[in-house]
Amino acid sequence: MQALSTSTTTNLKSLVRPAPAPSRLGCRVVRCAFRPDSVYFPNCVGHCRADWQSSCAILSSKVLSLEQPAEKGGGADHVAAVNGHRAAVDLNLVPIETKDSPASSVPAPVPQPPKALSISDLTPAPMHGSQLRVAYQGVPGAYSEAAAGKAYPNCEAVPCDQFEAAFQAVELWIADRAVLPVENSLGGSIHRNYDLLLRHRLHIVGEVQMPVHHCLLALPGSRLERLSRVISHPQALSQCEHTITRIAPQATREAVDDTAGAAEYIATNRLRDTAAIASARAAELYGLQVLADGVQDDCGNVTRFLMLAREPIIPRTDRPFKTSIVFAHNGGEGTGVLFKVLSAFAFRNISLTKIESRPHRNRPIRLVDDGNVGTAKHFEYMFYVDFEASMAEVRAQNALAEVQEYTSFLRVLGSYPMDMTPWSPSPPTSGGDGD
Ligand SMILES: O=C(O)C(=O)C[C@]1(C(=O)O)C=C[C@@H](O)C=C1
């Protein structure tokens, strides 16, 4: 299957069924300060549907945690019930950019990526029966496709040419879920997806961690010493940097959209001097030979993927949960805000598993006139934090209520079960682990 592209999802907007809106009965309509184009209802929960859902998830979780023991046999996504009350933590504070997304920070691919799928090749999701459709970035054989299969066994994986297309596929009901990488143990964070999480209104409903075992693939008969070029996803290139320098020092590296797409490109264009870093499955799919197996720089190479949906899940307390938030604070509110935020978790014994900062695109720079010493410029940031607690827990609700006091906006991206599957590093093989 060819990959779904952003432009085709945009064209489909007029064809897909819009998400149902919350009832407006009895509510006063007000313009949102951050989003003048949007309306919200002061006596209802949330300024817009996604906020409303996040708030409802928290409210519902409070009801669950107070009134009844959590149900057994979790894992499935449950749609949050609406209870019509105002959230204790108001989550309607995030400015959303309305402009088209800027160009990716990833350098433009040198080889042409696989041709994007025409939208007419996809049936909109509401008609597709019982099989869950899961959008991922890449083409068949990509690690993200494998992650989609791990997250949702027996799903129909829907390839998308860009991360943004995967978000849109879910928003436009072409897919039911998206599975997207956010961080890798060697390459670090996939910043693009952090930015897109904020720009779009999907909810994190789960996570999966996948060991990533890379191979160096080329046309049958190719030789390592004759390679002039190695192409792959930028993350994969960075995860294999030292190994490739060691085994093919003469080869230049070029970034393309995904690992399996690199393999497909070599096969389609019969490129004898080029190799791809991709999975063994990509070698099988595109008829390539494995020149070196296990070319990642460390055998403990693992990528964490998030599962995204239109609806949040109701947080529970019968299994370990993680919650992801994003916040920003006003520069004028004094120093130590980050310290105060972190202490709100520390005092409640809540462990943080990740903290990430990204430029605050709506307000990138703060000017500070510091007495007679001139005007100082500070960069402004959005902070993303993952913590080990469920929003169904009172300590997490209290921590967030406190965080809200220190911040100018705050959004819960999702409260979801932690991936607890046992993991062991991939065995060392011919190519990798040489350092
Ligand atoms: O190109 C792929 O195969 C992907 O699924 C993308 C991706 C990533 O973005 O990190 C996923 C897992 C690996 O870390 C390498 C690449």
Side-chain angles (χ1 to χ4, degrees), residues 1-4 104-107 109 111 113-114 134-152 155 157-167 169 177-197 207-217 230-241 243-244 253-267 275-286 288 294-308 354 356 419 423 425-426 432:
M1 196 195 290
Q2 290 170 304
L4 177 62
S104 164
S105 55
V106 173
V134 181
Y136 69 95
Q137 191 262 334
V139 297
Y143 297 101
S144 298
E145 183 198 40
K150 182 179 175 193
Y152 298 105
C155 71
V158 179
C160 299
D161 68 349
Q162 299 291 331
F163 290 133
E164 176 122 45
F167 275 85
R177 304 281 185 277
V179 171
L180 296 170
V182 280
E183 57 180 321
N184 172 269
S185 53
L186 297 179
S189 293
I190 291 127
H191 294 133
R192 178 82 180 134
N193 281 333
Y194 279 95
D195 295 343
L196 288 170
L197 275 173
E207 64 169 6
V208 273
Q209 299 188 356
M210 280 235 327
V212 172
H213 184 92
H214 289 300
C215 301
L216 191 66
L217 312 179
V230 173
I231 62 174
S232 196
H233 186 281
Q235 269 284 336
L237 288 172
S238 99
Q239 291 159 25
C240 305
E241 191 183 342
T243 311
I244 298 300
R253 291 115 214 238
E254 283 173 20
V256 294
D257 281 346
D258 74 291
T259 57
E264 188 189 34
Y265 180 76
I266 290 171
I277 299 171
S279 63
R281 179 171 138 75
E284 275 171 36
L285 283 175
Y286 303 110
L288 297 184
V295 291
Q296 60 278 357
D297 289 339
D298 191 288
C299 56
N301 186 29
V302 61
T303 300
R304 176 170 169 249
F305 295 82
L306 294 179
M307 294 134 79
L308 305 176
K354 165 100 185 167
E356 181 72 45
D419 182 356
W423 176 77
S426 47

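Indexing begins at 1, ligand by ligand and atom by atom, following the structure's order. This structure is a prediction, so every number in the text was calculated from the model and none was measured. Just so you know, these numbers use all the heavy atoms, side chains as well, and skip hydrogens, waters and symmetry mates.
- Between P159 and G138, the shortest heavy-atom contact is CB-O, 3.2 Å.
- Those atoms of ligand 1 that come under 4.0 Å of a heavy atom in I190, given as number and element, are 10 (O).
- For Q239, the heavy-atom gap to ligand 1 drops under 4.0 angstrom.
- Within the 4.0 Å heavy-atom criterion, both parts of A142, backbone and side chain, lie near ligand 1.
- Side-chain atoms of D161 and Q137 include no donor-acceptor pair closer than 3.5 Å.
- Taking only nitrogen or oxygen atoms, main chain and side chain alike, S144 reaches within less than 3.5 Å of ligand 1.
- Among H213, H214, R281, the one residue that satisfies the side-chain hydrogen bond (donor to acceptor under 3.5 Å, both in side chains) test with Y143 is H214.
- With a 4.0 Å heavy-atom cut-off, ligand 1 is reached by the backbone of T259 and by its side chain too.
- At a 3.5 angstrom cut-off on N or O pairs, Y143 counts as close to ligand 1.
- Of the N or O atoms in H233, one or more lie within a sub-3.5 Å distance of an N or O in ligand 1.
- Counting heavy atoms under 4.0 Å from ligand 1, residue D257 does not touch it at all.
- Residues N301 and S185 are in side-chain contact: their nearest non-hydrogen atoms beyond the backbone lie under 4.5 Å apart.
- Of all non-hydrogen atoms in L180 and N193, the two that sit nearest each other are CB-ND2, 3.8 Å.
- The protein heavy atom nearest to atom 14 (O) of ligand 1 is T303 OG1, 2.8 Å.
- The pair D419-K150 meets the salt-bridge criterion, with a side-chain N (NZ, NE, NH1 or NH2) lying under 4.0 Å from an Asp/Glu carboxylate O.
- Under the 3.5 Å distance criterion, with hydrogens and angles disregarded, no donor-acceptor pair is assigned to the side chains of S189 and E183.
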